[in-house]
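For reference, the structure discussed in these notes is given below.
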Amino acid sequence: EDREVIYDRIRQLVRAYKDHPAVLLWILGNEINGGWNSFYRDLGGGVALLEFVEQMCVTALEEDPHHPTTTCFAEIPAEDLQSMYNWQYTPAATWAIASRDYAPSMQLITFNLYRGNSFGDIFNEIAYVYERPLLMLEWGMDSWDAKNNEGMEETQASYLADLWNELEDNQPISSGGAVMAYQDEWWKGDCPAHACPPCTYSSDFDAAECPDEDPWTQSPCGYNQAAFPDSCSDEEHYGIFATERRGYGPDTLVPKPAYYTLCELWTGAECSAPSDDLLSPVWEDSAAPDTGRTLTNSSKHTALYATSAGTSKWRCAVMAGMPPVDAAPSTAATTLLLLAAMITQATSAAAAASVEGHRLLVDGEDFFVKGVVYRPVLPSEDPDRNPPYGDYYTREYSERYAEHLKDIHLMGANLVHTEEWALEADHGHFLDAAASYDLKVMPTFWMGDAVATPLATTQDRDYVLSSLRNAVRREQHSAILMWAVGVDMNANWTSYLQQSFGGEVRSLFSFINAMCEAVRAEGHLCCVPLADADFLGQYPVHKLKLPGWVEAAEESGLMTALDVWGANVDRGGTFDDLFGEFAAVSARPLLITKFQSDAYDSAEASESAELQAAGIDLLFDEIWMNTWANPDASGEAVCAGGIVNSFSDAWHMGGTASAASATCPEYSSSAQSACGHLGGMDDNYTSVEYLGLFAWREDDKVASSSFARRFFNGDFEIEAREAYDHLQAVWREIGQWEDQTQSNER
């Protein structure tokens with residue numbers, strides 16, 4: 001009965017994915033003969049285990065006769081099988097010959113094998129008893145020297161190079177393999193001493209700390225492995241990428257020397273930082289009779305996952321009598337499995353956005369942005385320190401954003417601007433929800449400052465560009481209007497100019513343009529939101545603050561891929577001469593990517609929704625008088641619209657306060673503070689936790705006449721302030737706004 005459950009799971013799995021072009025073969029169980037899996041013991045020995053494997057393979061082949069099936073073995077002895085074959089063979093060869101006899105539907109043999117810097121005589125051992133291909137599903141070595149308590153990354157790279165050369169040199173017996181592992185795994189140091197023979201550690205390390213059950217720290221805990229140079233398998237250090245903690249936000253993956261070694265062995269080219277050009281041809285090596293490889297339509301990144309198995313050896317993996325697979329991959333680089341396919345699948349086509357002079361267009365029609373910065377952070381949440389680090393735009397938070405998007409639509413807005421947009425997350429549901437309310441989305445490629453996202457080296461910059469291209473490629477959706485990149489990179493508080501580019505303004509502009517090239521290569525417009533900060537360049541400009549940066553960038557001639565200039569501006573209740581000065585230096589659209597007014601009157605030490613609404617009115621009036629969308633505009637027709645900051649109050653922002661008082665900065669997100677910075681409206685102070693069009697209210701503090709609704713956490717309600725009503729009255733009259741709520745509810 002238990003086995004039938006497993007067979008049924010195999011049927012469901014194979015049925016679901018068998019037609020996907022990324023599937024290479026089916027691996028039914030990993031290290032299935034290992035004592036830690038208990039199959040060998042529970043089934044009563046090696047023969048019964050292999051009969052179970054045979055039935056799993058038959059089950060898969062009944063659903064999908066066009067892909068090979070197998071299981072994966074660990075290199076451990078099985079006394080009953082070895083006795084059956086009179087102890088003639090090594091443990092690995094014994095499993096191979098027994099598989100031949102008791103699991104004939106297995107079409108290749110696979111092992112996880114760790115023998116140091118050589119596989120020894122494994123290829124001859126297997127070839128002697130088994131006529132089908134051999135694939136190494138795990139092979140490698142860790143990068144930590146337990147005896148000296150230090151890294152040995154170069155040694156790891158050397159071992160991996162030796163092992164790969166053996167895999168390649170022993171074709172056609174060898175069909176290549178998958179290196180262990182992509183990245184360091186900090187959760188694997190918890191093997192107890194009774195199961196894992198302990199290592200001999202350096203005197204600098206207290207062995208009593210093992211096993212290590214903390215996945216937040218990386219330890220040298222492992223088990224004895226005589227074939228390794230330190231006689232220890234350090235389980236948390238096998239990655240060809242190291243994991244670096246950033247203190248907040250997602251961790252950073254850094255390639256080890258082993259990555260570059262394998263990349264160069266697999267591509268035949270010098271490798272730098274990981275390339276993300278997953279589908280564009282990088283090289284052609286069709287005339288390679290010495291290896292049998294046909295390396296067409298591949299790339300450095302896909303090669304990272306490649307084996308040396310060519311089309312001919314793919315056919316070797318197909319059992320006798322099976323028809324050749326018409327769509328056989330040119331290399332086993334397609335053992336990326338679903339990775340490349342997931343990246344390239346598009347929810348729908350990108351929005352047909354374009355620019356003409358200062359105008360922004362969608363589908364050939366003028367598009368004036370009426371946007372809202374959307375960060376739905378609840379009281380008590382701190383997105384800078386805790387998951388999901390501000391990315392509340394995944395299905396998990398749909399209950400939260402579904403109502404919010406409705407509110408944004410009802411105020412007459414046509415765009416939401418997101419900031420923390422995790423690069424690996426699936427935002428399709430959020431984008432679908434936005435589109436259902438006729439809302440466009442401008443995601444941000446968020447970088448923070450020069451410490452959070454370093455750009456000092458070529459490898460740093462290549463890595464960031466690679467990440468950006470992958471993120472944009474993954475989010476091909478009609479709701480996306482454009483991408484925001486290079487946010488506030490000109491400001492001294494991000495430190496990019498000095499720390500990453502040595503004060504060279506042209507180098508900064510060149511990199512920002514490279515980011516825009518990456519965005520445009522994937523079919524989207526690129527917006528660069530600059531801070532309204534003092535110009536820090538070496539050569540003179542005629543304009544001050546943000547217009548000075550734009551002037552320098554335009555005169556440099558480097559901004560060839562930029563579509564829209566963004567402006568994060570906080571000058572109080574006016575933009576002063578921003579639009580006129582911008583018109584004098586740039587022919588591109590200007591989008592006010594952040595304008596704001598807080599709802600706290602520091603002079604009166606009390607909340608003031610009236611003060612906020614008055615400030616928002618003044619600022620949007622200036623935007624409207626300086627846009628081509630207004631036939632009665634009296635100013636410069638350069639502005640493509642504005643994005644108000646922000647949807648709701650952010651109680652976690654008090655720690656960013658630059659103008660301190662006795663209680664500021666204030667780091668608690670459980671209470672709302674008036675902390676902020678100088679500048680703003682009549683009170684000349686901006687309280688950064690009071691910038692929302694909506695306020696969070698405790699249940700008993702909501703005005704009976706206000707627009708409020710119970711929020712799902714049960715402790716707070718969300719209440720619209722006057723600024724929401726004021727913008728709604730104006731925005732619904734601009735453009736062709738239609739209420740989509742009834743059709744959505746239907």
Side-chain angles (χ1 to χ4, degrees), residues 346-374 393 405 408-409 412-419 421 427-428 430-445 468-487 512-530 550 559-568 582 586-594 623 627-630 637-644 731 734-738 740:
T347 315
S348 56
S354 59
V355 297
E356 290 183 6
H358 293 301
R359 308 174 88 88
L360 177 63
L361 303 97
V362 173
D363 295 327
E365 301 292 331
D366 285 340
F367 188 89
F368 176 76
V369 173
K370 301 172 291 178
V372 179
V373 174
Y374 180 55
Y393 316 115
L405 293 174
I408 293 171
H409 164 69
N414 58 11
L415 179 134
V416 290
H417 178 25
T418 62
E419 292 190 332
W421 191 262
H427 303 106
F430 175 81
L431 293 168
D432 288 342
S436 73
Y437 285 112
D438 278 350
L439 292 170
K440 297 296 184 185
V441 178
M442 183 168 73
T444 300
F445 181 71
L468 172 59
R469 281 191 292 267
N470 280 335
V472 178
R473 179 178 296 144
R474 188 178 297 111
E475 306 283 9
Q476 295 293 328
H477 196 289
S478 60
I480 294 180
L481 177 69
M482 65 179 112
W483 277 78
V485 303
V487 179
I512 292 175
N513 189 68
M515 289 196 291
C516 282
E517 287 176 340
V519 171
R520 292 187 66 179
E522 301 302 328
H524 287 283
L525 296 186
C526 180
C527 175
V528 176
L530 297 180
V550 173
M559 307 307 294
T560 57
L562 171 69
D563 295 296
V564 178
W565 283 112
N568 294 336
F582 178 88
S586 180
R588 305 177 212 251
L590 172 64
L591 176 62
I592 303 300
T593 42
K594 190 174 289 185
I623 291 172
T627 177
W628 36 262
N630 180 5
V638 298
C639 189
I643 304 174
V644 62
W731 282 6
I734 298 174
Q736 298 178 342
W737 184 86
E738 294 182 4
Q740 300 294 324

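Along the sequence shown, residues are numbered consecutively beginning with 1. These numbers were taken from a predicted model, which means no experiment stands behind them.
- A heavy-atom distance below 4.5 Å is found between the side chains of L405 and V416.
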| Step by step, would you call W483 with M442 a side chain to side chain contact (heavy atoms under 4.5 Å, CB included)? | CA-CA 5 Å; W483 277 78; M442 183 168 73; 5.9 Å; no

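- Remark: the backbone N or O of A640 is not paired with any side-chain donor or acceptor of T627 at under 3.5 angstrom.
- The two atoms that bring G642 and L591 nearest to each other are N-CD1, 4.0 Å, heavy atoms only.
- A salt bridge between E356 and R588 is absent, with no side-chain N of the basic residue lying under 4.0 Å from a carboxylate O of the acidic one.
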(request) Might you work through the side chain to side chain contact (heavy atoms under 4.5 Å, CB included) test for L360 and F367, ending with a clear yes or no? (result) CA-CA 6 Å; L360 177 63; F367 188 89; 4.1 Å; yes

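- When every heavy atom of G364 is checked against every heavy atom of L361, the shortest pair comes out as O-CD2, 3.3 Å.
- Counting heavy atoms from C-beta outward, E522 and R473 have side chains that approach closer than 4.5 Å.
- A 4.5 Å side-chain heavy-atom check between R520 and D563 finds at least one atom pair inside the cut-off.
- Put simply, the side chain of N568 does not reach to within 4.5 Å of the side chain of I592, judged on heavy atoms.
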**Asked** Do W731 and W737 pass the side chain to side chain contact (heavy atoms under 4.5 Å, CB included) test, and can you show the C-alpha distance, the side-chain angles, and the key distance before you say yes or no?
**Response** CA-CA 8 Å; W731 282 6; W737 184 86; over 6 Å; no

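- Put simply, NZ on K440 and NE2 on H477 are 9.5 Å apart, with the number rounded to the nearest 0.5 Å.
- Between R359 and D366 there is a salt bridge, with a side-chain nitrogen of the basic residue lying less than 4.0 Å from a carboxylate oxygen of the acidic one.
- Separation of atoms CD1 (I643) and CG (L415) is listed at 5.0 Å; rounding is to 0.5 Å.
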Worksheet entry | Derivation and outcome, side chain to side chain contact (heavy atoms under 4.5 Å, CB included), residues K370 and V644 | CA-CA 8 Å; K370 301 172 291 178; V644 62; over 6 Å; no

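- Distance CZ/F368 to CG/N414: 8.5 Å, rounded to 0.5 Å.
- Nearest heavy atom pair, residue A413 against residue V372, reads CB-CG2, 4.3 Å.
- Here the closest heavy-atom approach between residue L590 and residue A567 is recorded as CD1-CB, 3.9 Å.
- Proximity of a side-chain donor or acceptor of W565 to a complementary backbone N or O of P529 within less than 3.5 Å is not detected.
- Using a 30° and 60° split on the angle between ring planes, Y374 and F430 fall in the parallel class, below 30°.
- Listed here is the closest heavy atom pair of A637 and H358: O-CB, 3.6 Å.
- Checking side-chain atoms of H409 against main-chain N and O of Q740 turns up a donor-acceptor pair under 3.5 Å.
- Judged by distance alone, with hydrogens and angles left aside, the side-chain atoms of Q476 form a donor-acceptor pair with the main-chain N or O of V472 at under 3.5 Å.
- Between the CD1 atom of I480 and the CG atom of L525 there is a distance of 11.5 Å, given to the nearest 0.5 Å.
- Taking OH of Y393 as the reference point, atom CH2 of W421 lies at 8.0 Å (rounded to 0.5 Å).
- Note that the SG atom of C526 and the CE atom of M559 stand 7.5 Å from one another [nearest 0.5 Å].
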Derivation of the salt bridge (Lys or Arg N to Asp or Glu O under 4.0 Å) call for E419 and K594: CA-CA 12 Å; E419 292 190 332; K594 190 174 289 185; 3.3 Å; yes

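- Under the 3.5 Å distance criterion, with hydrogens and angles disregarded, a donor-acceptor pair is assigned to the side chains of E475 and H427.
- Contact detail for V528 and C516: the closest heavy-atom pair is CG2-SG, 3.7 Å.
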